[in-house]
Amino acid sequence: MIRIDAIWLATEPLDMRAGTDTALARVVKVFGAARPHHAYLFTNKPATRIKVLVYDGFGIWLAARRLNRGRFVWNSDPSALTVALNAEQLQALVCGLPWKTLATDHVIAVI
(Lines give C-alpha, C1' and ligand atoms only; values in the text may rest on other atoms or scores of the structure.)
Protein backbone atom coordinates (compact mmCIF):
# COMPACT_ATOMS: atom_id res chain seq x y z
CA MET A 1 0.00 0.00 0.00
CA ILE A 2 1.28 3.46 -0.88
CA ARG A 3 1.07 5.96 1.98
CA ILE A 4 -0.51 9.25 0.92
CA ASP A 5 -0.60 12.09 3.43
CA ALA A 6 -1.75 14.90 1.14
CA ILE A 7 -3.65 15.05 -2.15
CA TRP A 8 -3.25 17.96 -4.54
CA LEU A 9 -5.23 18.73 -7.66
CA ALA A 10 -3.67 20.87 -10.40
CA THR A 11 -6.23 23.00 -12.22
CA GLU A 12 -4.36 23.36 -15.53
CA PRO A 13 -4.70 20.40 -17.93
CA LEU A 14 -1.84 18.03 -18.69
CA ASP A 15 -1.23 16.25 -21.99
CA MET A 16 -2.09 12.62 -21.18
CA ARG A 17 0.79 11.44 -23.38
CA ALA A 18 3.09 12.80 -20.66
CA GLY A 19 5.26 10.20 -18.99
CA THR A 20 6.76 10.15 -15.52
CA ASP A 21 9.47 12.75 -16.17
CA THR A 22 7.09 15.23 -17.83
CA ALA A 23 4.49 14.81 -15.07
CA LEU A 24 7.20 15.22 -12.41
CA ALA A 25 8.44 18.39 -14.12
CA ARG A 26 4.86 19.76 -14.04
CA VAL A 27 4.59 18.93 -10.32
CA VAL A 28 7.81 20.83 -9.60
CA LYS A 29 6.65 23.77 -11.74
CA VAL A 30 3.15 24.00 -10.24
CA PHE A 31 3.76 22.88 -6.64
CA GLY A 32 7.39 23.89 -6.16
CA ALA A 33 8.58 20.36 -5.33
CA ALA A 34 7.44 16.76 -5.23
CA ARG A 35 7.07 15.98 -1.54
CA PRO A 36 7.19 12.44 -0.11
CA HIS A 37 3.79 10.82 0.43
CA HIS A 38 1.94 13.45 -1.58
CA ALA A 39 -0.32 12.66 -4.56
CA TYR A 40 -0.64 15.12 -7.44
CA LEU A 41 -3.63 14.87 -9.80
CA PHE A 42 -3.89 16.18 -13.36
CA THR A 43 -6.58 15.96 -16.03
CA ASN A 44 -6.67 16.49 -19.77
CA LYS A 45 -8.62 19.40 -21.33
CA PRO A 46 -11.92 17.55 -21.78
CA ALA A 47 -11.58 16.02 -18.25
CA THR A 48 -12.08 12.49 -19.54
CA ARG A 49 -8.76 11.18 -18.17
CA ILE A 50 -6.68 11.77 -15.06
CA LYS A 51 -3.11 11.02 -14.08
CA VAL A 52 -1.89 10.74 -10.51
CA LEU A 53 1.76 11.10 -9.60
CA VAL A 54 2.85 9.94 -6.13
CA TYR A 55 6.35 10.28 -4.69
CA ASP A 56 6.74 7.70 -1.91
CA GLY A 57 10.18 8.86 -0.76
CA PHE A 58 11.97 6.17 -2.78
CA GLY A 59 10.51 6.46 -6.25
CA ILE A 60 7.74 7.85 -8.41
CA TRP A 61 4.39 6.18 -9.09
CA LEU A 62 2.34 7.33 -12.08
CA ALA A 63 -1.19 6.02 -12.60
CA ALA A 64 -3.84 6.87 -15.17
CA ARG A 65 -7.62 6.52 -15.17
CA ARG A 66 -10.33 7.20 -17.69
CA LEU A 67 -14.07 7.00 -17.50
CA ASN A 68 -15.98 4.99 -20.09
CA ARG A 69 -18.70 7.65 -20.07
CA GLY A 70 -18.93 11.17 -18.75
CA ARG A 71 -16.25 13.49 -17.41
CA PHE A 72 -14.36 13.96 -14.19
CA VAL A 73 -15.61 16.83 -12.06
CA TRP A 74 -12.66 19.22 -11.96
CA ASN A 75 -12.04 22.52 -10.25
CA SER A 76 -13.45 25.38 -12.32
CA ASP A 77 -11.97 28.27 -10.32
CA PRO A 78 -9.52 29.95 -12.73
CA SER A 79 -7.81 31.88 -9.91
CA ALA A 80 -6.68 28.70 -8.08
CA LEU A 81 -3.69 26.86 -9.56
CA THR A 82 -3.96 24.04 -7.02
CA VAL A 83 -6.60 22.60 -4.71
CA ALA A 84 -6.09 20.37 -1.66
CA LEU A 85 -8.37 17.32 -1.39
CA ASN A 86 -9.13 14.89 1.40
CA ALA A 87 -9.42 11.12 0.92
CA GLU A 88 -13.22 11.15 0.57
CA GLN A 89 -13.04 13.88 -2.08
CA LEU A 90 -10.42 11.86 -3.97
CA GLN A 91 -12.63 8.75 -3.92
CA ALA A 92 -15.56 10.76 -5.29
CA LEU A 93 -13.41 12.44 -7.94
CA VAL A 94 -11.99 9.21 -9.38
CA CYS A 95 -15.53 7.80 -9.62
CA GLY A 96 -16.70 10.89 -11.52
CA LEU A 97 -18.86 12.16 -8.66
CA PRO A 98 -19.23 15.80 -7.53
CA TRP A 99 -16.45 15.87 -4.93
CA LYS A 100 -16.70 19.62 -4.24
CA THR A 101 -19.90 19.12 -2.23
CA LEU A 102 -18.05 16.98 0.35
CA ALA A 103 -16.62 18.99 3.22
CA THR A 104 -13.86 17.66 5.49
CA ASP A 105 -16.44 16.85 8.20
CA HIS A 106 -18.78 15.00 5.76
CA VAL A 107 -21.23 17.89 5.67
CA ILE A 108 -22.75 18.86 2.34
CA ALA A 109 -21.98 22.56 2.04
CA VAL A 110 -22.69 23.38 -1.60
CA ILE A 111 -25.62 22.40 -3.77
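Sequence positions, counted from 1, serve as the residue numbers for this chain. Values in this document were obtained by computation on a predicted structure and should not be read as measured data. Excluded from the calculations below are hydrogen atoms, water molecules and symmetry mates; all remaining heavy atoms, backbone and side chain alike, are included.
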Hey, does the side chain of Trp74 reach the backbone of Ala10 with a donor-acceptor pair shorter than 3.5 angstrom?
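Pair found, side chain donor or acceptor close to backbone of Ala10.
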Would you check if the side chain of Gln89 reaches a backbone N or O of Asn86 as a donor-acceptor pair within less than 3.5 Å?
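Yes; judged by distance alone, with no hydrogens or angles, the pair exists.
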Test Phe72 against Arg65 for side chain to side chain contact (heavy atoms under 4.5 Å, CB included), laying out the working first.
CA-CA 10 Å; Phe72 291 101; Arg65 180 168 171 90; 4.1 Å; yes
Answer yes or no: is there a donor N or O on one side and an acceptor on the other, between the side chain of Lys51 and the main chain of Leu62, under 3.5 Å?
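Checking the backbone N and O of Leu62 against the side chain of Lys51, no donor-acceptor pair under 3.5 Å is found.
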Measure across Ile4 and Ala39 and return the closest heavy-atom pair with its distance rounded to 0.1 Å.
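Here Ile4 and Ala39 meet closest at CG2-CB, 3.9 Å.
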Do Leu24 and Ile2 share a hydrophobic cluster (ILVMFWY, side-chain heavy atoms under 4.5 Å, transitive)?
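Leu24 does not cluster with Ile2.
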With sequence neighbours excluded, what pairs up with Asp5 under the side-chain hydrogen bond (donor to acceptor under 3.5 Å, both in side chains) test?
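Only Arg3 meet the side-chain hydrogen bond (donor to acceptor under 3.5 Å, both in side chains) criterion with Asp5.
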Between Tyr55 and Phe58, which heavy-atom pair has the shortest distance, and what is it?
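In terms of heavy atoms, the two residues are closest at CE1-N, 3.9 Å.
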For Thr22 and Asp15, what are the C-alpha separation, side-chain angles and deciding distance, and is it a side chain to side chain contact (heavy atoms under 4.5 Å, CB included)?
CA-CA 9 Å; Thr22 303; Asp15 184 344; over 6 Å; no
Can you find a pair of side-chain heavy atoms, one from Phe42 and one from Val27, that are under 4.5 Å apart?
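They are in side-chain contact.
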Heavy atoms, side chains only, cut-off 4.5 Å: are Leu14 and Glu12 in contact?
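SC-SC contact between Leu14 and Glu12 ruled out.
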For the backbone of Val73 and the side chain of Trp99, can you confirm whether one donor and one acceptor N or O come within less than 3.5 Å of each other?
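At least one qualifying donor-acceptor pair exists.
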Side chains of Arg66 and Asn68: does their closest heavy-atom pair fall under 4.5 Å?
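Heavy-atom side-chain distance check passes, below 4.5 Å.
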Answer yes or no: is there a donor N or O on one side and an acceptor on the other, between the side chain of Thr48 and the main chain of Arg71, under 3.5 Å?
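No.
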Using side-chain heavy atoms (C-beta onward) and a distance below 4.5 Å, is Leu9 in contact with Leu93?
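Yes, side chains in contact.
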List the atom of Thr11, the atom of Val83, and the distance in Å for their closest heavy-atom pair.
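Minimum heavy-atom contact is CG2-CG2, 4.2 Å.
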OG1-CE distance between Thr43 and Met16, expressed to the nearest 0.5 angstrom:
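It comes to 5.5 Å.
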Which pair of non-hydrogen atoms, one from Ala18 and one from Ala23, has the smallest distance, and what is that distance?
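Ala18 and Ala23 have their closest heavy atoms at CB-N, 4.5 Å.
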Without swapping roles, check the side chain of Asn44 against the backbone of Arg49 for a donor-acceptor pair under 3.5 Å.
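The answer is yes, because a donor-acceptor pair under 3.5 Å joins these two groups.
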Test Leu90 against Leu41 for side chain to side chain contact (heavy atoms under 4.5 Å, CB included), laying out the working first.
CA-CA 9 Å; Leu90 174 64; Leu41 285 81; 3.5 Å; yes
